[in-house]
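Inspection log for the structure reproduced underneath, given as structure tokens.
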Amino acid sequence: MTLLKGENLAKSFDYLLFENLNFEIKEGESSAVLGVSGCGKSTLLHILSSLLKPDFGEVIYNNKSLYKLKNDDLIKIRRHDFGIIFQAHYLFKGFNAFENVELGALLGGQKIDDEILKKLDIKDVIHQKVGDLSGGQQQRVSIARVLSKKPRIIFADEPTGNLDSTTANEVMEIFFDYIKENRAGLVLVTHDENLAKKCSNRFLLQDKKLNIL
Ligand SMILES: Nc1ncnc2c1ncn2[C@@H]1O[C@H](COP(=O)(O)OP(=O)(O)OP(=O)(O)O)[C@@H](O)[C@H]1O
């Protein structure tokens, strides 16, 4: 079943990034978007994940056109159904790791899943202030926060950018297990072709188009 579709999307800033761009993600699928720096990968992820209105085209989720929804309804979908992970993770620095993860769980009406904390290897630091954690630990806390809300779709922009390659691979396995177990979807923006190869679909954003690899 289709989870989300982007139809005829176009976006420009100082120059045209892409146009007539179509994208679809189905239950249980992972899609990686590759492309040179500045081609518009993060912009596309923002558009698909409800954060940025395209200049043209629609994003369809649950038979609804996201950017035609009332703001409150759009925020509900973003909070409950979408898990958005950026490299610059927006953790609450004054709170400890547990409180940050708990916030994610509460947003999705879920309880913290101890398994997620174990798999991400953050149980030992869970009561520390996130500002005191290393960059990689903070990244894993932000991933735990997103997974704890049990999103239908995970949108991740270089989610393993702060992690060494072994931890990066482990984190990717956690994503893949999650989408399999929950019939969810993963849209991943990355420069790392090895990570992209692990996804069920790979696309290259080039010449203002999304090409299937
Ligand atoms: N809010 C914005 N206002 C103006 N220009 C923007 C904005 N967001 C992105 N851009 C521009 O759009 C272009 C594409 O940016 P984007 O971050 O989507 O590229 P990217 O492919 O993800 O790059 P990278 O791989 O380096 O992260 C860049 O030239 C960037 O400066």
Side-chain angles (χ1 to χ4, degrees), residues 3-25 29-61 65-69 71 74-75 77-79 82-91 134-143 145-146 151 153-165 167-169 171-172 175-176 179 185-213:
L3 281 174
L4 180 111
K5 260 188 186 179
E7 292 179 346
N8 281 324
L9 297 173
K11 186 75 191 171
S12 307
F13 284 115
D14 293 339
Y15 51 94
L16 177 69
L17 291 175
F18 45 79
E19 60 183 344
N20 300 322
L21 186 152
N22 294 297
F23 177 87
E24 181 176 3
I25 183 136
E29 276 187 355
S30 49
S31 291
V33 179
L34 294 152
V36 296
S37 179
C39 70
K41 303 180 294 301
S42 300
T43 302
L44 175 61
L45 200 71
H46 281 82
I47 290 172
L48 294 173
S49 63
S50 81
L51 293 171
L52 180 71
K53 196 174 187 293
D55 296 338
F56 194 82
E58 297 191 75
V59 178
I60 312 287
Y61 176 72
S65 180
L66 284 187
Y67 295 101
K68 288 185 181 158
L69 290 173
N71 206 32
L74 186 63
I75 289 171
I77 290 177
R78 188 184 302 147
R79 284 203 182 138
F82 291 177
I84 304 173
I85 303 171
F86 295 126
Q87 209 177 357
H89 38 76
Y90 300 102
L91 293 172
S134 73
Q137 286 169 331
Q138 290 186 25
Q139 187 75 336
R140 282 178 280 141
V141 171
S142 76
I143 291 168
R145 181 174 63 174
V146 162
I153 310 178
I154 300 170
F155 299 92
D157 197 344
E158 297 283 4
T160 57
N162 282 328
L163 307 176
D164 61 84
S165 64
T167 313
N169 280 320
V171 165
M172 288 310 296
F175 282 144
F176 293 133
I179 62 166
L186 168 69
V187 188
L188 170 76
V189 161
T190 183
H191 285 282
D192 185 334
E193 293 199 15
N194 288 323
L195 287 188
K197 275 189 195 141
K198 297 182 179 203
C199 292
S200 31
N201 311 306
R202 278 168 302 285
F203 300 95
L204 179 66
L205 186 53
Q206 192 180 38
D207 301 331
K208 310 187 193 320
K209 300 261 173 284
L210 199 57
N211 304 293
I212 300 175
L213 288 177

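Along the sequence shown, residues are numbered consecutively beginning with 1. Counting starts at 1 for both ligands and their atoms, following the listed order.
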Q) Taking only residues two or more places apart in sequence or in another chain, which ones pass salt bridge (charged side-chain N to carboxylate O under 4.0 Å, His left out) with K208? A) none
Q. Between CZ of R140 and CZ of R145, what distance do you get to the nearest 0.5 Å?
A.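 One gets 15.5 Å once the value is rounded to the nearest 0.5 Å.
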Q | Per-ligand residue contacts, ligand 1, heavy-atom threshold under 4.0 Å | A | F13, Y15, L17, V36, S37, G38, C39, G40, K41, S42, T43, H191
Q) Do the ring planes of F82 and F155 sit parallel (below 30°), tilted (30 to 60°) or perpendicular (above 60°)? A)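 Correct class here is perpendicular.
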Q. Looking only at heavy atoms, what is the nearest atom pair of T160 and A168, with distance?
A.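 Residues T160 and A168, closest heavy atoms: CB-CB, 3.6 Å.
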Q: If a pair satisfies side chain to side chain donor-acceptor pair (under 3.5 Å) and one of its residues is in residues 195-205, list it, with sequence neighbours excluded.
A: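 Side chain to side chain donor-acceptor pair (under 3.5 Å) check on residues 195-205 returns E29-N201, S30-S200, S31-N201, N169-K198.
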For residues 185-193, which side-chain donor-acceptor pairs fall under 3.5 Å, sequence neighbours excluded?
| from | atom 1 | to | atom 2 | distance (Å) |
| --- | --- | --- | --- | --- |
| T190 | OG1 | D192 | N | 2.9 |
| D192 | OD1 | N194 | N | 2.9 |
| D192 | OD1 | L195 | N | 3.2 |

